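Worksheet for the structure shown next.
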Protein chains: 2
Amino acid sequence: MAGTPSTGRRERLRIETTAEIKCTALELMRSGGPDAITLRAIAREMGMTANAIYGYFATRDDLVTALVADVYTALADALDAAWAASAQDAPARRIQAWAHAFRGWALANPEGFRLIYGDPVPGYRAPEGGAAPDAARRVCVGIAALADTAWDGAAGAGAGAGAGAGDGFGWEDFDPGLLDKVRPAFPALPPAGVALALRIWGHLHGLVVLEVYGHLRAQTSAPDKLFRAELTQLTRSLGLQD
Amino acid sequence: MAGTPSTGRRERLRIETTAEIKCTALELMRSGGPDAITLRAIAREMGMTANAIYGYFATRDDLVTALVADVYTALADALDAAWAASAQDAPARRIQAWAHAFRGWALANPEGFRLIYGDPVPGYRAPEGGAAPDAARRVCVGIAALADTAWDGAAGAGAGAGAGAGDGFGWEDFDPGLLDKVRPAFPALPPAGVALALRIWGHLHGLVVLEVYGHLRAQTSAPDKLFRAELTQLTRSLGLQD
DNA sequence: GTGGGAACTATACGGCGTGAAGTTTTCCCA
DNA sequence: TGGGAAAACTTCACGCCGTATAGTTCCCAC
């Protein structure tokens with residue numbers, strides 16, 4: 001009832017204010033794009049002075065970094081949830097469910113998508129470590145699960161077709177931090193499978209980013225049909241029955 | 001000798017100054033990213049006042065629009081040149097040459113790539129018409145040429161595999177302005193072929209944009225190998241001999 | 001109840017896009 | 001050849017931004 005007794009009123013307030021700052025920033029982003037994330041605007045919204053925020057984030061970029069981490073984590077959560085929800089389905093359906101969740105999230109949160117994958121805000125450069133790379137790896141592991149499912153569920157020849165272009169890959173081609181998560185989870189997945197995962201990532205990301213940034217809409221009025229065709233072709237090339 | 005007599009000294013100077021503004025802006029972009037494109041910085045570099053630029057571009061966004069058009073045109077030129085240079089090669093090699101030209105241009109001009117395909121500059125929103133959409137369509141037509149080559153050079157079954165996922169597309173699914181250029185140039189290409197072109201665009205764009213924005217490098221140390229594998233798989237799935 | 005530290009404000013600096021007004025330069029025509 | 005219009009450019013101003021510094025207020029532990 002008393003909550004964690006180790007945290008006094010002081011730190012609780014601090015945590016709440018920190019959360020409010022991030023929440024306000026996300027609201028501003030949703031209504032005005034990532035560019036609207038402004039210390040002064042946040043402070044205005046919260047009835048504070050811009051400088052007060054410096055008590056919670058050393059710099060504007062630190063705040064943006066925290067937002068990226070939060071949003072990226074939300075995306076990873078959504079993808080994991082979609083994956084888990086389709087646990088009973090056939091491999092092809094699972095992959096399609098995951099991909100639709102990806103596109104759906106991006107279209108529902110275009111500003112968040114730009115924040116994560118685009119140039120978030122004027123001079124922002126992402127720092128080295130932190131929570132955002134973790135979320136990125138979670139997404140990659142999720143795609144590796146797709147690849148593993150394909151490897152598993154495909155006829156031998158089918159998997160060969162999907163992997164055929166992956167010859168020549170070795171574990172040394174990939175980030176150790178990624179492999180630390182991928183290899184234990186999917187022991188049967190060879191290096192070529194990880195390469196396949198990254199290529200699938202590229203396929204889906206490409207179509208979605210073109211759509212979110214409006215480049216696709218200029219050429220076609222049916223991006224959803226295009227995406228569906230892409231998925232059909234993807235599962236087919238992986239040798240999966242749909 | 002006298003040049004075009006219809007243009008007096010006045011307009012010639014005007015054109016030169018306009019070019020110098022754009023050139024200076026591109027230099028700033030190359031050295032400091034798209035964010036460095038600043039009226040004041042350009043003016044400083046040129047020994048002028050920031051407001052003087054308003055005599056040439058009504059607004060900063062207008063300048064950015066002009067830059068986007070120029071850079072996009074340069075990209076389209078590079079791609080067309082690569083395509084023309086491989087005219088004697090087999091379809092698979094031509095497609096690979098085009099794709100490598102695309103990735104190569106992006107890696108050589110990452111700032112330009114971000115300018116075209118990302119969030120160029122704080123609050124910038126692309127206008128409706130103009131030269132940039134033209135260049136975009138040129139690129140799309142180039143990819144349609146890829147698809148047409150595949151349609152042409154592939155065995156019937158192979159083309160069927162590539163197009164299999166394209167069933168259900170009609171001409172009404174695509175931008176009339178795009179079709180105006182594509183259909184006369186490639187009369188044999190069905191709607192599914194245009195869909196295939198857009199999907200190929202998505203594939204390549206996805207991998208390249210992930211690489212340019214650093215998301216791929218975090219997961220693999222061999223993005224070039226990945227891209228090559230992608231192309232091998234692409235030509236294979238199109239039923240082309242490499 | 002008092003000292004210390006955390007939270008916050010006030011003020012300031014330089015940089016940004018942009019508008020209004022004023023000044024200089026250039027060109028064209030009477 | 002001179003005068004007036006137009007173009008090119010500068011100056012000043014406004015409100016926005018991130019951020020540094022210094023000062024103020026208030027809560028909590030001793």
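Small disclaimer: the values here were computed from a predicted structure and weren't measured. Naming: A, B, ... by sequence-line order, numbering from 1 per chain.
The nearest whole Å value for the distance from the OH atom in A:Tyr54 to the P atom in D:dG23 is 20 Å. We find that CG of B:Leu39 is positioned 15 Å from P of D:dC9, with the value rounded to whole Å. With rounding to whole Å, A:Ile53 atom CD1 is found 11 Å from D:dC17 atom P. Taking atom CG of residue B:Leu63 and atom P of nucleotide C:dG17, one finds them 10 Å apart after rounding to whole Å. The CE-C1' distance, from B:Met48 to C:dT25, rounds to 15 Å in whole Å. Nucleotide D:dT19 holds its C1' atom 13 Å from the CG atom of A:Asp62, rounded to whole Å. Distance CG (B:Asn51) to C1' (C:dT18): 7 Å, rounded to an integer number of Å. Residue A:Tyr56 contributes atom OH, which lies 18 Å from atom P of D:dT19 at whole-angstrom precision.
Contact check on B:Arg138 versus B:Asp134 returns no salt bridge, with no Lys/Arg side-chain nitrogen under 4.0 Å from an Asp/Glu carboxylate oxygen. Between B:Glu230 and A:Arg199, at least one side-chain nitrogen of the basic residue sits less than 4.0 Å from a carboxylate oxygen of the acidic one, meeting the salt-bridge criterion. In summary, A:Arg137 and A:Asp175 engage in a salt bridge, as defined by a charged side-chain N under 4.0 Å from a carboxylate O.
The shortest non-hydrogen separation linking B:Trp105 to B:Gly112 is CH2-C, 4.2 Å. Nearest heavy atom pair, residue B:Val139 against residue B:Trp98, reads O-CZ2, 4.3 Å.
Among the heavy atoms of the strands, none lies under 4.0 Å from B:Thr17. At a threshold of 4.0 angstrom between heavy atoms, the contacts of B:Arg60 are confined to the sugar-phosphate backbone, with no base atom among them. No engagement by A:Phe57 is indicated, since no non-hydrogen atom pair under 4.0 Å with the nucleic acid exists.
Across C:dC8, C:dG15, C:dT18, the shortest atom-to-atom separation from the side chain of B:Arg44 is found for C:dG15. Listed nucleotides C:dT11, C:dT18, C:dC16 differ in distance to B:Thr38; the shortest reach to its side chain belongs to C:dC16. Side-chain proximity of B:Arg40 to the nucleotides D:dT19, D:dC9, C:dC16 is greatest for C:dC16.
The side chain of B:Thr59 contributes an N or O atom lying less than 4.0 Å from OP1 or OP2 of C:dT18. Neither OP1 nor OP2 of D:dA7 sits under 4.0 Å from any side-chain N or O of B:Arg14.
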